[in-house]
Novice: 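Sharing a structure, written as structure tokens. Questions coming.
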Amino acid sequence: MTDTAQQDRVLIFDTTLRDGEQSPGATMTHAEKLEIAGLLDEMGVDIIEAGFPIASEGDFKAVSEIARQSKTSVICGLARAQLPDIDRCWEAVKHAARPRIHTFIGTSPLHRAIPNLTMDEMADRIHDTVTHARNLCDNVQWSPMDATRTEIDYLCRVVEIAIKAGATTINIPDTVGYTAPRESAALIAMLLERVPGADQIVFATHCHNDLGMATANSLAAVEAGARQIECTINGLGERAGNTALEEVVMALKVRNDIMPFQTAIDTTKIMNISRRVATVSGFPVQFNKAIVGKNAFAHESGIHQDGMLKNAETFEIMRPEDVGLAATNLVMGKHSGRAALRSKLEELGFELGDNQLKDVFVRFKDLADRKKEIYEDDLIALMRTSTDPEDHRIQLKSLQVVCGTKGPQTADMVLTVDGEERSTTQTGDGPVDAAFNAVKALVPHEARLQLYQVHAVTEGTDAQATVSVRMEEDGRIVTGQSADTDTVVASVLAYIHALNRLLVRREKTAPGADKREISYKVVS
Ligand code: KIV
Ligand code: ZN
């Protein structure tokens with residue numbers, strides 16, 4: 001094994017806030033983006049891709065503020081191969097102590113056909129745009145999108161052009177998750193060997209997970225000479241997602257004997273940021289997800305438990321505390337005070353102001369009255385329930401459902417909408433359907449329910465249910481979440497949360513539309 005001090009550094013480029021946030025439904029608010037960027041910076045991420053500044057005013061503002069608040073990380077913005085995109089990107093990232101412009105164009109035959117450029121025309125465009133970016137910023141990354149399906153000779157040609165035009169990092173994206181480990185390694189090795197100037201720049205690998213090989217492909221690329229891995233927390237991203245940061249970082253740490261590379265990541269911060277990203281993106285982590293899944297360190301079977309008690313190494317290749325997981329999950333009860341709650345929440349990665357703490361404490365006490373033992377997962381679920389004032393125009397005042405073997409199931413509901421009280425009684429195919437029909441009757445809308453998902457937070461019949469609801473209206477996708485020991489209440493709160501977020505999105509994209517389109521009618 002090599003001395004770790006002498007090992008090559010692999011840069012970690014996190015794109016949770018750009019490629020991850022691009023995932024339909026994973027939209028984060030401005031405050032949430034700033035918070036996640038702060039956590040990424042603190043955990044030692046080398047480069048944060050903070051957004052796509054030309055995409056919207058919101059993206060521009062988020063990238064600019066993340067740049068301003070950045071401490072150690074390089075702050076990068078994405079730009080298409082167009083001069084106005086690059087200028088806008090620079091306007092946003094220039095506030096960072098260490099800014100980077102990342103510009104890209106699709107180079108495979110399928111992608112070249114979209115702007116209808118010949119190979120020569122595209123080569124000229126690459127030269128001009130990278131030169132322009134480099135005149136603005138001395139840290140420029142260039143990506144040939146869909147590189148793994150680009151003709152090899154053409155890929156070598158355009159990579160050489162980008163290097164000569166001043167790119168300091170060349171990223172090789174497997175945009176559609178098509179490559180396999182051997183091929184991923186061979187591609188990087190080939191570029192290093194064939195392209196003049198390749199030894200002067202950093203090669204990055206950017207893998208999507210459509211065939212479940214993103215982590216393996218990224219590590220293979222590193223073994224062949226790539227020195228930057230592009231990834232997201234929890235593997236968030238379009239379709240099957242991107243390479244998961246926690247997987248590549250822990251693989252390099254645990255198997256340092258065969259992959260002798262160092263990262264600057266403080267791995268004990270992994271669990272906290274994973275939970276925060278799951279919460280704010282509305283994409284829960286699957287239970288058996290490597291490193292951060294609820295079951296990743298749980299040993300259920302008798303043989304495993306017996307072995308673990310005798311020697312943890314029998315079944316554990318890394319310690320829970322290496323990724324920031326506390327040894328016990330049982331935390332508090334109804335007698336726990338405010339200071340204990342604050343300290344536990346801080347441990348879980350939630351920094352609260354005094355007013356926020358006051359609000360959470362009230363909800364914590366309410367939960368503790370209904371549930372004897374409060375676990376970490378209960379607190380996380382509690383924090384998932386939004387307290388953002390923007391999310392509260394529609395509020396649930398009361399709900400009473402009648403359900404059982406004899407239908408129809410009915411829901412009596414009172415909501416307040418901008419302070420005005422509305423009530424109705426509706427029936428449905430089951431209590432949740434009846435309750436959702438009541439919401440629809442009180443807040444008529446055309447939004448389509450895309451996803452309704454329920455999970456028990458802990459074991460036991462008094463467990464809280466966390467509910468995620470995803471809705472779509474005119475291409476705008478929002479998610480709502482809530483938790484309660486009553487599944488129907490949690491469902492309605494999640495539904496209302498999504499509707500409130502839809503109002504905010506409408507207001508942002510078309511000011512005044514929220515008032516125009518939402519009509520409140522009394523149905524009872
Ligand atoms: O997957 C991809 O090709 C990308 C590029 C914009 C780098 O995300
Ligand atoms: Zn991507």
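Fair warning: this is a prediction, and the values are worked out from it, not measured in the lab. First listed ligand is number 1; within each ligand, the first listed atom is number 1.
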Novice: So, are R501 and E32 salt-bridged, with charged N and O less than 4.0 Å apart?
Specialist: yes

Novice: To 10 degrees, how wide is the angle NE2 (H206) to the Zn ion (ligand 2) to NE2 (H208)?
Specialist: 100°

Novice: Considering only protein heavy atoms, which is closest to atom 4 (C) of ligand 1, and at what distance to one decimal place?
Specialist: H206 NE2, 3.5 Å

Novice: R18 to ligand 1: N or O pair under 3.5 Å?
Specialist: yes

Novice: For atom 1 (O) of ligand 1, what's the nearest protein heavy-atom neighbour? Residue, atom name and distance, please.
Specialist: H208 NE2, 3.0 Å

Novice: Return yes if some donor-acceptor pair links the side-chain N/O of R100 with the main-chain N/O of C76 below 3.5 Å, else return no.
Specialist: no

Novice: Do the rings of H445 and Y495 sit parallel, tilted or perpendicular, given the 30° and 60° boundaries?
Specialist: perpendicular

Novice: Measure T175 to ligand 1 on non-hydrogen atoms and call it side chain, backbone, both or neither using the 4.0 Å cut-off.
Specialist: both

Novice: Quick one: do D128 and R125 make a salt bridge, cutoff under 4.0 Å?
Specialist: no

Novice: With nothing but distance in play, are any N or O atoms of D19 less than 3.5 Å from an N or O of ligand 1?
Specialist: yes

Novice: Salt-bridged, K61 to E65, with N to O below 4.0 Å?
Specialist: no

Novice: Using 4.0 Å as the upper bound for N to carboxylate O, is an ion pair formed by E57 and R88?
Specialist: yes

Novice: So, H208 side chain and D174 main chain: donor-acceptor pair closer than 3.5 Å or not?
Specialist: no

Novice: Which of the atoms in ligand 1, numbered in the order shown and given with their element, are less than 4.0 Å from a heavy-atom of P173?
Specialist: 2 (C), 3 (O)

Novice: With a cut-off of 2.8 Å, does any N, O or S atom of E230 fall short of it relative to the Zn ion (ligand 2)?
Specialist: no

Novice: Which atom name would you report as the N, O or S atom of D19 nearest the Zn ion (ligand 2)?
Specialist: OD2

Novice: Considering the heavy atoms of M145, write down every atom of ligand 1 situated less than 4.0 Å from one of them.
Specialist: 3 (O)

